[in-house]
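Whatever order the structure lists them in is the order used to number ligands and atoms, beginning at 1. Residue indices begin at 1 and follow the sequence shown.
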Amino acid sequence: MCGVALACVSACNEANNLLPDTVLSGGLHQMPDDLNANTKNIIKLYKDGGFVGPSEEQFATYYNDLEQFEQYQGRMREAHSFVKRQCMHCIDPACVAACPFSALTKDHETGVVAWNAYQCIGCRYCEVACPFEVPKFEWQYFNPRIVKCQFCDHRLGEGQEPACTSVCPTGAVVYGKRDALLEEAKERIAASPGTYFEDRVYGESDGGGTQVMYLSHVPFTKIGLPDLGKVSLAWYGTWVHSIIYKWLLIPAALYACMVFIIRKRWHHHEEEARHEAKKTGLPQQI
Ligand code: SF4
Ligand code: SF4
């Protein structure tokens, strides 16, 4: 449905006071090729192999002569797809789990994963942890920030929807409650079986579930959405931490006790040697 008007990209920049990124286009047009410190929302073009062709049976029925086969191959070569990329506002966000200073928080009421400048030390753990490669660091500034979509939380607070969804002229991007969106997506799938990849909604349970979800007529991995399984990366992180604390804390505590006892004995031995030296007048020996 996306007509690549890029209205959502411009609206995002305007609503979030971001300078248009004109570097790659030589200053003629806003043309970043990925999310960056000036771009929280982007429409990406994926070329080559984006087109999902007919099944083997359909292929045998419709493309049983050379001319049709060549046409089909041409469509495969020319295939391209557009996808909107921004923070997915994960239900169990890896960035929040990775942040050592709670600068990233998940609001379970609104679904927004928000960043707080006053608590961020710029360690960039969130950048590494995010499976969607969303958070970006302002390398160009002396006092850099982490930049990512905040779901226009300043607009939500005023009862408005995010800037990107408010301007989309084709309805390719829709805003609403997660349950209602899931229901609508499933109705669309039911109304056109076989149109959408695997007849399923990306984000319903991928990576533990996301607030931003996709229907796609091409494989999700072809449009840059990773195959994450159903368990969130944050869950794995918590599990690893619990193992570390459970199994490494006990040996660490024993080691600390041992060091304490040795140091105490050593100190006692020193005291005795000093006392002996004072009594005999001979140099202190330990
Ligand atoms: S997409 Fe990345 S930055 Fe956004 S909430 Fe999920 S883990 Fe965090
Ligand atoms: S860069 Fe900031 S927000 Fe990201 S993990 Fe470090 S402290 Fe948290």
Side-chain angles (χ1 to χ4, degrees), residues 8-9 12 15-16 18 32 34-44 83-156 161-165 173 175 177-178 181-182 201-216 220-221 223-241:
C8 60
V9 179
C12 173
N16 292 288
L18 295 166
D34 208 343
L35 296 173
N36 61 38
N38 279 333
T39 311
K40 295 181 176 184
N41 169 57
I42 193 172
I43 300 295
K44 291 189 77 166
V83 63
K84 181 177 181 297
R85 299 300 310 275
Q86 71 289 297
C87 175
M88 304 287 279
H89 296 280
C90 305
I91 289 174
D92 187 14
C95 60
V96 171
C99 179
F101 291 91
S102 304
L104 284 155
T105 47
K106 170 83 177 173
D107 183 333
H108 289 282
E109 189 68 33
T110 60
V112 177
V113 175
W115 173 80
N116 182 336
Y118 298 105
Q119 282 170 253
C120 178
I121 58 155
C123 65
R124 298 174 53 228
Y125 283 7
C126 52
E127 244 191 293
V128 178
C130 174
F132 299 99
E133 299 178 12
V134 167
K136 301 293 174 201
F137 193 63
E138 288 181 327
W139 289 102
Q140 67 273 40
Y141 296 124
F142 177 69
N143 186 18
R145 297 174 306 166
I146 287 290
V147 178
K148 71 166 214 61
C149 159
Q150 306 265 87
F151 221 50
C152 284
D153 48 0
H154 58 294
R155 287 173 57 97
L156 298 187
E161 62 183 277
C164 57
T165 60
V173 193
Y175 169 73
K177 293 270 182 204
R178 188 173 189 272
L181 291 176
L182 252 180
V201 186
Y202 186 94
E204 181 177 9
S205 56
D206 303 75
T210 52
Q211 305 284 150
V212 176
M213 294 174 288
Y214 292 84
L215 283 179
S216 170
F220 297 117
T221 49
I223 51 172
L225 296 170
D227 191 0
L228 295 174
K230 289 186 191 291
V231 179
S232 73
L233 291 187
W235 184 88
Y236 286 117
T238 312
W239 183 76
V240 168
H241 275 148

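Counting heavy atoms under 4.0 Å from ligand 2, residue F137 does not touch it at all. By the criterion of a heavy-atom distance under 4.0 Å, the side chain of A103, and not its backbone, is placed next to ligand 2.
Interface atoms of ligand 2 facing Y125, defined by a heavy-atom separation under 4.0 Å, are 5 (S). Each of the following atoms of ligand 2 lies closer than 4.0 Å to a heavy atom of C126: 1 (S), 3 (S), 4 (Fe), 5 (S). Near C120, meaning under 4.0 Å from one of its heavy atoms, ligand 2 places the atoms 1 (S), 2 (Fe), 3 (S), 7 (S). With ligand atoms numbered from 1 in the order given, ligand 1 contributes 1 (S), 5 (S), 6 (Fe), 7 (S) to contacts under 4.0 Å with heavy atoms of C90. For ligand 2 and L104, the ligand atoms under 4.0 Å from any heavy atom of the residue are 3 (S). Near P135, meaning under 4.0 Å from one of its heavy atoms, ligand 1 places the atoms 3 (S). Near F132, the atoms of ligand 1 lying under 4.0 angstrom from a non-hydrogen atom of the residue are 1 (S). Residue-ligand proximity, I146 to ligand 2, at heavy-atom distances under 4.0 Å covers atoms 1 (S). Near R124, meaning under 4.0 Å from one of its heavy atoms, ligand 2 places the atoms 1 (S), 6 (Fe). Taking a cut-off of under 4.0 Å to the non-hydrogen atoms of G122, the atoms of ligand 2 that pass are 1 (S), 2 (Fe). The V113 neighbourhood of ligand 1 comprises atoms 5 (S), with distances under 4.0 Å to a heavy atom of that residue. Applying the 4.0 Å criterion to heavy atoms of W115 picks out, from ligand 2, the atoms 3 (S).
Counting heavy atoms from C-beta outward, Y125 and F101 have side chains that stay 4.5 Å or more apart. Here the side chains of F132 and P226 are in contact, with some heavy-atom distance below 4.5 Å. Contact annotation: the side chain of I223 approaches that of S216 to within less than 4.5 Å [non-hydrogen atoms, C-beta and beyond].
Looking only at distances, no side-chain donor or acceptor of K148 sits under 3.5 Å from a matching main-chain atom of K136. H89 contributes no side-chain N or O that, together with a main-chain N or O of V112, makes up a donor-acceptor pair within less than 3.5 Å. Checked by atom type and distance alone, the side chain of R178 pairs as donor or acceptor with a backbone atom of T210 at under 3.5 Å. A donor-acceptor contact shorter than 3.5 Å links the side chain of R85 to the backbone of G224. Of the possible polar contacts, one joining the N41 side chain to the C8 backbone as a donor-acceptor pair under 3.5 Å is found. Without hydrogens or angle criteria, Q150 side chain to W115 main chain gives a donor-acceptor distance under 3.5 Å.
Classified by interplanar angle (parallel below 30°, tilted 30° to 60°, perpendicular above 60°), the ring pair Y202/Y214 is perpendicular.
The protein atom (non-hydrogen) at minimum distance from atom 2 (Fe) of ligand 1 is C130 SG, 2.2 Å. The protein non-hydrogen atom at the shortest distance from atom 1 (S) of ligand 1 is M88 N, 3.4 Å. Regarding atom 4 (Fe) of ligand 1, its nearest protein heavy-atom neighbour is C87 SG, 2.3 Å. Closest to atom 7 (S) of ligand 2, if we only count protein heavy atoms, is I121 N, 3.5 Å.
Among the atoms of C95, no N, O or S atom falls under 2.8 Å of atom 2 (Fe) of ligand 1. Contact annotation: C123 places an N, O or S atom under 2.8 Å from atom 6 (Fe) of ligand 2. Atom 2 (Fe) of ligand 2 has no N, O or S atom of C99 inside 2.8 Å of it.
Residue-environment remark: CD (Q119) exceeds the threshold of 12 foreign heavy atoms within 6.0 Å.
Here the closest non-hydrogen pair linking N36 and V147 is O-CG1, 4.3 Å. For A103 against C99, the heavy-atom pair with the smallest separation is N-SG, 3.2 Å.
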